[in-house]
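For the numbers below, each heavy atom of this structure counts, side chains included, while hydrogens, waters and symmetry mates do not. All chains are named by letter (A, B, ...) in the order of the sequence lines, taking the proteins before the strands, and each is independently numbered beginning at 1.
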2 protein chains.
Amino acid sequence: MIIRIDELSDVPIYLQIRNQIVMGISSGELAGGEQLPTVRALALEMGINTMTVSKSYQLLKQEGYIMTDRKNGARVRTEIRVQGGISDSNKTELKRIVSEARLSGVSRQEIVSLVDEYYGTDDKG
Amino acid sequence: MIIRIDELSDVPIYLQIRNQIVMGISSGELAGGEQLPTVRALALEMGINTMTVSKSYQLLKQEGYIMTDRKNGARVRTEIRVQGGISDSNKTELKRIVSEARLSGVSRQEIVSLVDEYYGTDDKG
DNA sequence: TTCTTTGTATTAAGGTTAGTAATACAAAGA
DNA sequence: TCTTTGTATTACTAACCTTAATACAAAGAA
């Protein structure tokens with residue numbers, strides 16, 4: 001999976017990496033059990049510090065998305081630990097995004113279409 | 001409208017204020033033309049610095065959500081300037097939220113229901 | 001054993017941002 | 001003249017992000 005960093009974003013690099021890996025897992029682009037690049041390889045490839053990548057991996061590990069093992073590297077968990085629904089902060093963020101969209105003339109249907117696109121077209125919803 | 005600050009949130013105070021006002025406008029809790037609290041009053045009420053509130057108002061003004069006028073204070077614009085759809089950063093945020101929700105077992109329908117709730121039940125979508 | 005590669009830890013430093021504090025200004029109405 | 005409004009300035013503290021340079025333990029390979 002290709003990870004791209006937006007230098008102009010307010011989101012810290014380690015969070016951008018974390019977010020893209022989470023989205024990759026959800027979309028299926030990253031399969032369960034799949035090997036992730038080593039922290040050094042990814043840091044070199046992206047021209048950033050190894051500790052920045054390590055921070056991303058530690059966060060993903062703590063959240064239950066990946067497993068890390070010395071010498072084995074990092075792998076996507078086959079069974080993602082669920083954390084019980086949508087977090088309060090994500091609900092607030094969703095409300096903010098919907099509000100801004102609505103005030104800029106975006107229809108409800110356009111938002112729902114985006115949700116469908118991001119959720120994927122499997123039998124989960 | 002009651003504005004509440006989450007001290008534990010990663011979101012800066014000035015942004016929390018800005019976001020809650022935007023959501024208030026979208027929900028109709030803040031009507032077009034409605035007077036907002038003065039920067040000093042809101043700062044005193046919330047126990048924060050006036051410049052922090054001022055920063056929120058400047059941002060809202062720049063984005064076209066409110067108008068500020070010396071001696072007249074700040075008011076919600078009657079005609080919100082649209083900015084052309086959902087921003088790229090909001091799309092990315094939405095994708096992240098949907099991905100996290102999906103991986104924690106939330107159904108597509110649950111997300112859509114939240115969107116409906118936040119969008120409101122008028123004839124816009 | 002020795003070497004290499006893995007994630008991880010440590011320490012230091014620099015840069016940016018958020019927030020506060022204290023004060024002041026211009027505009028406009030009372 | 002006085003008050004209230006948003007706004008501006010300057011200085012300071014604190015927190016966070018990122019980099020840098022090393023180093024360590026674990027585990028497989030040679």
Side-chain angles (χ1 to χ4, degrees), chain A residues 3-22 30 33-77 89 92-93 96, chain B residues 3-22 30 33-77 89 92-93 96:
Chain A
I3 295 179
R4 299 203 175 283
I5 295 305
D6 180 1
E7 310 281 352
L8 302 178
S9 172
D10 296 331
V11 183
I13 296 175
Y14 82 96
L15 260 190
Q16 290 190 45
I17 295 173
R18 176 267 181 199
N19 290 343
Q20 290 187 40
I21 290 177
V22 169
L30 287 176
E34 182 167 341
Q35 190 85 15
L36 293 176
T38 68
V39 292
R40 287 174 176 82
L42 190 52
L44 182 65
E45 175 189 336
M46 306 181 58
I48 61 177
N49 195 272
T50 57
M51 293 313 299
T52 304
V53 179
S54 178
K55 203 169 176 181
S56 308
Y57 280 19
Q58 285 181 55
L59 182 55
L60 287 162
K61 174 184 179 182
Q62 173 204 328
E63 294 175 315
Y65 290 113
I66 69 173
M67 297 171 51
T68 64
D69 193 0
R70 283 202 173 87
K71 197 58 188 175
N72 286 329
R75 281 180 294 116
V76 178
R77 291 188 79 97
S89 62
T92 302
E93 270 294 279
R96 177 191 63 77
Chain B
I3 296 179
R4 300 202 175 283
I5 295 305
D6 181 3
E7 309 282 353
L8 303 178
S9 172
D10 296 331
V11 183
I13 296 176
Y14 82 96
L15 259 191
Q16 290 190 44
I17 295 173
R18 176 265 180 200
N19 290 344
Q20 290 188 39
I21 290 177
V22 169
L30 288 176
E34 183 167 340
Q35 191 84 18
L36 293 176
T38 68
V39 292
R40 287 175 177 81
L42 190 52
L44 182 65
E45 176 189 336
M46 306 181 57
I48 60 177
N49 195 273
T50 57
M51 292 314 298
T52 304
V53 179
S54 178
K55 204 169 174 182
S56 308
Y57 280 19
Q58 285 181 57
L59 183 55
L60 287 162
K61 174 184 178 182
Q62 174 204 325
E63 293 175 316
Y65 290 114
I66 69 174
M67 296 172 49
T68 64
D69 193 0
R70 282 201 174 90
K71 196 57 187 176
N72 287 329
R75 281 179 295 117
V76 178
R77 291 187 80 97
S89 61
T92 303
E93 271 292 280
R96 178 190 63 77

> So which nucleotide from D:dT18, D:dA8, D:dT19 ends up closest to the side chain of A:Pro12?
Replying inline: D:dT18
> Where the side chain of A:Gln58 is concerned, which of C:dG7, C:dA9, C:dG19 is the nearest nucleotide?
Replying inline: C:dA9
> With both distances under 3.5 Å as the test, what is the Watson-Crick or G-U wobble partner of D:dA29?
Replying inline: C:dT2
> What's the CG-C1' distance between B:Leu59 and C:dT17, to the nearest Å?
Replying inline: 15 Å
>> My understanding is that a pair needs two contacts under 3.5 Å, Watson-Crick or G-U wobble. By that rule, which nucleotide pairs with C:dA27?
In response: D:dT4
>> Let me spell it out: for each of B:Leu15 and A:Thr50, pick the nucleotide of DNA chain C with the closest heavy atom. Which residue's pick is nearer the 5' end?
In response: A:Thr50
> If only side-chain N and O atoms of A:Thr38 are considered, is one of them under 4.0 Å from the OP1 or OP2 phosphate oxygen of C:dT5?
Replying inline: no
> Taking the side chain of A:Arg40 as its heavy atoms from C-beta onward, which of C:dG7, D:dT7, D:dT5 lies nearest to it?
Replying inline: C:dG7
>> Between B:Thr52 and C:dT20, is there a contact of a side-chain N or O with OP1 or OP2 at under 4.0 Å?
In response: yes
> Just how far, in rounded Å, is P of D:dC12 from CG of B:Asn49?
Replying inline: 17 Å
>> Quick check: do A:Leu30 and A:Leu36 have side-chain heavy atoms less than 4.5 Å from each other?
In response: yes
> Quick one: does B:Gln16's side chain have a donor or acceptor within less than 3.5 Å of a partner on B:Ile3's backbone?
Replying inline: no
>> Output the rounded distance in Å from CG (B:Leu44) to P (D:dT5).
In response: 12 Å
> Among C:dA18, D:dT7, D:dC17, which nucleotide sits nearest the side chain of A:Tyr14?
Replying inline: D:dC17
>> Nearest whole Å is fine: how far is C:dG29 C1' from B:Asp69 CG?
In response: 12 Å
> Looking only at side-chain N and O atoms, does A:Ser54 come under 4.0 Å of OP1 or OP2 in C:dA9?
Replying inline: no
> Now, which nucleotide makes the Watson-Crick or G-U wobble pair with D:dA21, with each of the two distances under 3.5 Å?
Replying inline: C:dT10
> CE of B:Met51 versus P of D:dT7: gap in Å, rounded?
Replying inline: 9 Å
> Under 3.5 Å, is there a donor-acceptor pair linking the side chains of B:Ser89 and B:Glu93?
Replying inline: no
> What nucleotide, of C:dT5, D:dT9, C:dG7, holds the atom closest to the side chain of A:Lys71?
Replying inline: C:dT5
> What is the distance from atom CG of A:Leu60 to atom CG of A:Asn19, rounded to the nearest 0.5 Å?
Replying inline: 8.5 Å
>> What is the distance, to the nearest angstrom, from the CG atom on A:Leu42 to the P atom on D:dT19?
In response: 12 Å
> Rounding to a whole Å, what distance do you find between B:Leu36:CG and D:dT4:C1'?
Replying inline: 16 Å
> Is it the case that more than 12 heavy atoms not belonging to A:Arg77 sit under 6.0 Å from its CZ atom?
Replying inline: yes
>> Nearest heavy atom decides the nucleotide; on that basis, is A:Arg70 or A:Lys55 closer to the 5' end of DNA chain D?
In response: A:Lys55
> For the pair made of NZ in A:Lys61 and C1' in C:dA9, what is the distance, rounded to whole Å?
Replying inline: 13 Å
>> How long is the straight-line distance from CD1 of A:Ile66 back to CD of A:Gln58, given to the nearest 0.5 Å?
In response: 9.5 Å
